[in-house]
Amino acid sequence: MNEAAMNTPPFLISEAVDLKLHYPIAGGGWAGRSATRYVRAVDGVDLAIAQGEAVALVGESGCGKSSLGRALLRLEDPTEGVVRFDGQDLTALSQALLRPLRRGMQMVFQDPFSSLNPRMKIGETLAEPLRVHGIETGRQARETVAEILHVVGLEPRVAERYPHEFSGGQRQRIAIARAVIARPKFVVADEPISALDISVQAQIIDLFDDLKARFSLTYLFISHDLAVVRHIADRVAVMYLGRIVEQGGPDEVFDHPLHPYTRALLDAVPIPDPEKERHREIAGLVGDVPSPTTVFQGCRFASRCPHAMDICRQRDPVLETVTAGHSVACWLHME
Ligand SMILES: Nc1ncnc2c1ncn2[C@@H]1O[C@H](COP(=O)(O)OP(=O)(O)OP(=O)(O)O)[C@@H](O)[C@H]1O
Ligand SMILES: [Mg+2]
């Protein structure tokens with residue numbers, strides 16, 4: 001590598017700077033008095049995803065993963081902070097100005113049963129992004145649809161069929177095809193495999209790997225299951241109650257976890273049933289998960305942490321780099 005290349009920072013496709021997404025909820029008080037409280041779903045996240053990178057976002061149910069994913073795509077309006085896509089500040093763009101950017105950033109949802117329009121043929125569903133973004137119509141669009149079906153491992157003739165004719169795994173392939181057909185730069189895949197059988201999960205993971213290589217896709221892969229993401233992620237970010245508490249390469253995070261929460265997640269024994277799996281108990285942790293409306297003074301994990309010290313209850317730790325590419329927000333690791 002020459003010196004200029006070494007000094008050029010990687011180009012960032014998606015970026016969050018002190019991002020907050022708080023949902024107002026009506027609450028408290030007696031009739032007639034409605035104090036507004038907030039679910040602090042995303043509560044100060046810094047994240048930078050470089051071109052071509054696959055970042056896995058993991059954490060327990062309700063920690064804010066989907067909220068963060070939606071905020072990165074400006075499907076939600078941030079409460080505070082900044083989101084950028086492909087170098088552009090999305091934070092305050094109007095819907096009209098966002099529309100042309102939508103081609104470049106797509107989302108794959110968890111549930112392949114509700115994410116496809118049941119009344120549209122697969123071919124129409126897949127051609128829609130091409131039409132909406134003024135890319136192709138007619139025969140050209142049909143050819144592109146056939147190509148993308150091939151890429152995701154389906155026969156071209158499935159274009160003539162309807163979603164109900166397919167299995168969950170096939171539908172998820174179609175949903176993924178729809179997300180990538182207009183060649184986006186960035187895809188947020190929100191638990192794209194958790195509704196699928198274990199055997200099918202592995203195939204869809206392989207498909208994401210293949211798409212990344214083929215289209216040099218950049219993506220954020222959301223999962224509540226750490227083990228699933230190990231071999232597809234270039235980087236793993238662990239989220240707890242609205243914050244990223246640890247991030248690093250998969251080998252560092254899996255083999256040398258630093259945050260007590262990451263260690264507890266890794267120690268949790270997987271349960272084969274995906275529904276129960278989502279709500280499994282995490283061994284080794286004390287106390288209950290605090291309410292997501294809590295305004296924390298110290299570390300948000302302190303109430304469950306087996307190693308909590310005085311400082312943890314008083315001061316909020318920020319993500320600090322411990323070794324190259326591996327950072328943690330934990331007083332145990334601060335000088
Ligand atoms: N539209 C909304 N209005 C109010 N609260 C919301 C809304 N969406 C999410 N929440 C709350 O925000 C918090 C974070 O939710 P989110 O769906 O982002 O978590 P998650 O990590 O994706 O969970 P899961 O693994 O179950 O999908 C939760 O407490 C949730 O109840
Ligand atoms: Mg979610």
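All residue numbers in this chain count up from 1 along the given sequence. Just so you know, ligand 1 is whichever comes first in the structure, and atom 1 is the first atom listed for that ligand.
Near Pro292, with a cut-off below 4.0 Å to any heavy atom, the atoms of ligand 1 are 29 (O). Heavy-atom proximity to Ser61, at under 4.0 Å, picks out these atoms of ligand 1: 23 (O), 24 (P), 25 (O), 26 (O). Taking every heavy atom of Glu191 and a limit of under 4.0 angstrom, the matching atoms of ligand 1 come to 25 (O). Within the listing of ligand 1, atoms 11 (C), 12 (O), 13 (C), 29 (O) sit less than 4.0 angstrom from a heavy atom of Val39.
Residue Gly62 holds the heavy atom nearest to atom 14 (C) of ligand 1 of all those in Ser291, Pro24, Gly62. The nearest non-hydrogen atom to atom 25 (O) of ligand 1, considering only His22, His224, Arg70, Lys65, comes from Lys65. Between Tyr38, Tyr240, Tyr23, it is Tyr23 that holds the heavy atom closest to atom 3 (N) of ligand 1. Of the options Ser194, Gly69, Gly64, Ser223, the smallest heavy-atom separation from atom 19 (O) of ligand 1 is shown by Gly64.
No hydrogens or angles considered: nothing links the side chains of Asp251 and His256 as a donor-acceptor pair under 3.5 Å. Side chains of Tyr261 and Glu60: a donor-acceptor N/O pair is present below 3.5 angstrom, by distance only.
For residues 142-151, the set of pairs meeting the side chain to side chain donor-acceptor pair (under 3.5 Å) definition, not counting sequence neighbours, comprises Glu136-Thr144, Arg139-Glu143.
With 2.8 Å as the limit, Ser61 does not count as an N, O or S neighbour of the Mg ion (ligand 2).
Between Ala41 and ligand 1, no N or O atom pair is found at a separation short of 3.5 Å. For the pair Gln110 and ligand 1, the shortest N or O to N or O distance does not fall below 3.5 Å.
Between Asp209 and Arg214 there is no salt bridge, since none of the side-chain N atoms of the basic residue sits less than 4.0 Å from a carboxylate O of the acidic one. With respect to the salt-bridge test (charged N to carboxylate O, under 4.0 angstrom), the residues Arg304 and Asp288 do not qualify. A salt bridge between Arg230 and Asp255 is present, with a side-chain N of the basic residue lying under 4.0 Å from a carboxylate O of the acidic one.
Atom NZ of Lys185 is surrounded by 12 or fewer heavy atoms from other residues, nucleotides or ligands within 6.0 Å.
Residues satisfying the side chain to side chain donor-acceptor pair (under 3.5 Å) test with Thr91, not counting sequence neighbours, are Asp89.
Contacts with ligand 1 closer than 4.0 Å are made by heavy atoms of both the backbone and the side chain of Ser67.
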